[in-house]
*Asks:* 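There's a structure below that I have some questions on.
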Amino acid sequence: VLNEAGRVEMDAAIMDGRGLEAGAVAALSNIANPIRLARLVLTDARHLMYVADGALRFAERHGVARVTDDYFMTAERLLEFEKAQKPDFEAPAHNAPDKHGTIGAVARDLAGNLAAATSTGGTTAKALGRVGDSPIIGAGVWADDATCAVSCTGTGEAFMRTVLAKTMADHMELLGLDGPTAADAGLDYLVRRAQGRGGFILVDHDGRCSARFTTRRMIHGWIERGGETQCRL
Ligand code: ASP
């Protein structure tokens with residue numbers, strides 16, 4: 001996904017539900033795998049979130065190599081960017097979220113530990129320096145062994161305004177809901193309070209997987225209790 005300047009700026013965060021430890025990077029350029037850098041922040045940094053030049057400096061100090069912008073360019077993204085230059089381009093906030101490039105993962109291990117990760121290039125033609133929900137703990141990503149792990153995708157501003165991932169965890173903790181019921185309540189809250197568009201994946205402390213979205217589709221897959229791998233396009 002290219003920003004208004006035709007450059008790639010990415011956001012990513014990862015969270016370990018055992019002790020609410022997290023690492024995040026935002027407005028980051030020229031790093032091939034932002035989620036790996038976020039993990040390094042989680043394990044090795046003094047702080048929780050690094051942005052822009054500071055994130056690059058952290059990467060350099062930890063021996064993470066830079067790549068040039070060409071590394072990220074694909075014909076599809078360049079075309080999208082060209083379309084975004086036209087005066088009738090639909091504002092990014094109303095773009096179909098199934099056209100965005102966010103990747104999310106949530107997991108529960110055998111011991112019941114939860115973890116979540118979200119990584120994104122953001123929304124097409126976003127302003128320089130715009131940061132979405134993906135690296136914001138509690139908005140686009142959340143993991144707490146006591147409740148659930150969540151990763152979101154969609155128009156980030158709505159997910160930030162509703163602090164959606166943490167809101168669903170709170171529904172579980174404070175109202176005693178299970179994951180799938182909290183997921184229903186979360187989607188309802190997103191739409192009702194912020195006219196939000198997008199979706200999320202959630203795994204609860206018992207290992208129940210949920211995926212909810214307002215969009216036509218959201219590519220996702222899951223495996224539950226050693227059963228079959230499921231995939232939905
Ligand atoms: N949530 C991301 C953002 O707003 C975009 C997406 O999920 O497609 O940056």
Side-chain angles (χ1 to χ4, degrees), residues 11-24 35 38 42 97-98 100 102-120 132-194 196-233:
D11 305 328
I14 187 162
M15 187 160 184
D16 179 342
R18 283 175 298 190
L20 305 185
E21 299 288 340
I35 197 66
L42 186 157
D98 63 355
H100 298 169
T102 301
I103 301 288
V106 292
R108 176 191 184 275
D109 70 11
L110 278 177
N113 300 311
L114 296 176
T118 309
S119 178
T120 190
D133 61 314
S134 309
I136 307 297
I137 304 305
V141 65
W142 179 256
D144 176 5
D145 285 5
T147 53
C148 58
V150 182
S151 175
C152 303
T153 181
T155 46
E157 286 71 12
F159 287 83
M160 288 191 273
R161 282 156 55 212
T162 53
V163 201
L164 197 78
K166 177 67 161 69
T167 295
M168 291 190 285
D170 285 348
H171 274 76
M172 291 187 66
E173 184 151 355
L174 305 174
L175 302 176
L177 304 186
D178 62 18
T181 316
D184 289 337
L187 195 76
D188 176 65
Y189 188 72
L190 174 75
V191 173
R192 196 163 38 82
R193 298 305 308 276
R197 296 201 58 207
F200 55 83
I201 49 174
L202 179 154
V203 59
D204 73 11
H205 50 64
D206 290 327
R208 279 173 294 225
C209 297
S210 310
R212 302 283 184 276
F213 43 100
T214 66
T215 42
R216 201 161 38 86
R217 62 192 192 123
M218 179 181 79
I219 300 168
H220 61 284
W222 71 97
I223 182 163
E224 238 171 14
R225 297 192 175 77
E228 293 286 306
T229 306
Q230 308 284 330
C231 183
R232 299 282 181 276
L233 298 181

*Asks:* If you define the side chain from C-beta out and look only at heavy atoms, does anything of T214 sit under 4.5 Å from V191?
*Replies:*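 Of all side-chain heavy-atom pairs linking V191 with T214, at least one is under 4.5 Å.
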*Asks:* Drop me the distance from R225's CZ to R208's CZ, to the nearest 0.5 angstrom.
*Replies:*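 Going from the CZ atom of R225 to the CZ atom of R208 covers 7.5 Å.
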*Asks:* Do D145 and H205 touch side chain to side chain, with heavy atoms closer than 4.5 Å?
*Replies:*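 Heavy-atom side-chain distance check fails, nothing below 4.5 Å.
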*Asks:* Where is the tightest heavy-atom contact between A211 and I201, given as atom of each residue plus distance?
*Replies:*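 A211 and I201 have their closest heavy atoms at CB-CG2, 4.2 Å.
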*Asks:* So, the side chain of D11 versus the backbone of G132: is there a donor-acceptor pair under 3.5 Å, distance only?
*Replies:*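 Flag set: sc D11 to bb G132 pair under 3.5 Å.
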*Asks:* Measure the shortest side-chain to side-chain distance between T181 and H171 over non-hydrogen atoms and say whether it is less than 4.5 angstrom.
*Replies:*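 Answer no - side chains too far apart.
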*Asks:* How long is the gap from CZ on R197 to CZ on F159, to the nearest 0.5 Å?
*Replies:*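 R197 atom CZ to F159 atom CZ measures 10.5 Å (nearest 0.5 Å).
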*Asks:* Does any N or O in the side chain of D144 come within less than 3.5 Å of the main-chain N or O of A146, such that one atom is a donor and the other an acceptor?
*Replies:*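 Yes: the side chain of D144 pairs with the backbone of A146.
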*Asks:* Can you give me the closest heavy-atom contact between T162 and A194, atom names plus distance?
*Replies:*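 Scanning both residues completely, I find the closest heavy atoms to be CG2-CB, 3.7 Å.
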*Asks:* For the backbone of P180 and the side chain of R212, can you confirm whether one donor and one acceptor N or O come within less than 3.5 Å of each other?
*Replies:*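 Pair found, side chain donor or acceptor close to backbone of P180.
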*Asks:* Closest approach of R108 and V203, non-hydrogen atoms and distance?
*Replies:*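 Looking at all heavy atoms of both residues, the closest pair is CB-CG2, 4.3 Å.
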*Asks:* Going by heavy atoms in the side chains, are L187 and F200 under 4.5 Å from each other?
*Replies:*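 SC-SC contact between L187 and F200 confirmed.
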*Asks:* With side chains defined as the heavy atoms from C-beta onward, is the minimum distance between W142 and M168 less than 4.5 Å?
*Replies:*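 No, their side chains stay 4.5 Å or more apart.
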*Asks:* Can you confirm whether more than 12 heavy atoms, excluding those of L175, are under 6.0 Å from its CG atom?
*Replies:*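 More than 12 heavy atoms, drawn from other residues, nucleotides or ligands, come within 6.0 Å of this atom.
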*Asks:* When you compare the side chain of L114 with that of V106, does any pair of heavy atoms fall below 4.5 Å?
*Replies:*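 Answer no - side chains too far apart.
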*Asks:* Let me know which of D133, T118, I14 forms a side chain to side chain contact (heavy atoms under 4.5 Å, CB included) with V141.
*Replies:*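 Exactly one pass, corresponding to T118.
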*Asks:* Looking only at non-hydrogen atoms, find the nearest pair between L42 and E21 and report the distance.
*Replies:*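 Smallest heavy-atom distance, with atoms named: CD1-O, 4.0 Å.
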*Asks:* Is there side-chain contact between T167 and Y189, with heavy atoms separated by less than 4.5 Å?
*Replies:*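 Yes, side chains in contact.
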*Asks:* Rounded to the nearest 0.5 Å, what separates atom NE2 in H220 from atom CD in Q230?
*Replies:*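 Here the interatomic distance stands at 9.5 Å.
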*Asks:* Ignoring hydrogens, what is the shortest heavy-atom contact between C152 and A165? Give both atom names and the distance.
*Replies:*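 Reported closest heavy-atom pair: SG-CB, 4.4 Å.
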*Asks:* Please report the shortest heavy-atom distance between A158 and G196, naming the atom on each side.
*Replies:*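 Looks like CB-CA, 3.5 Å.
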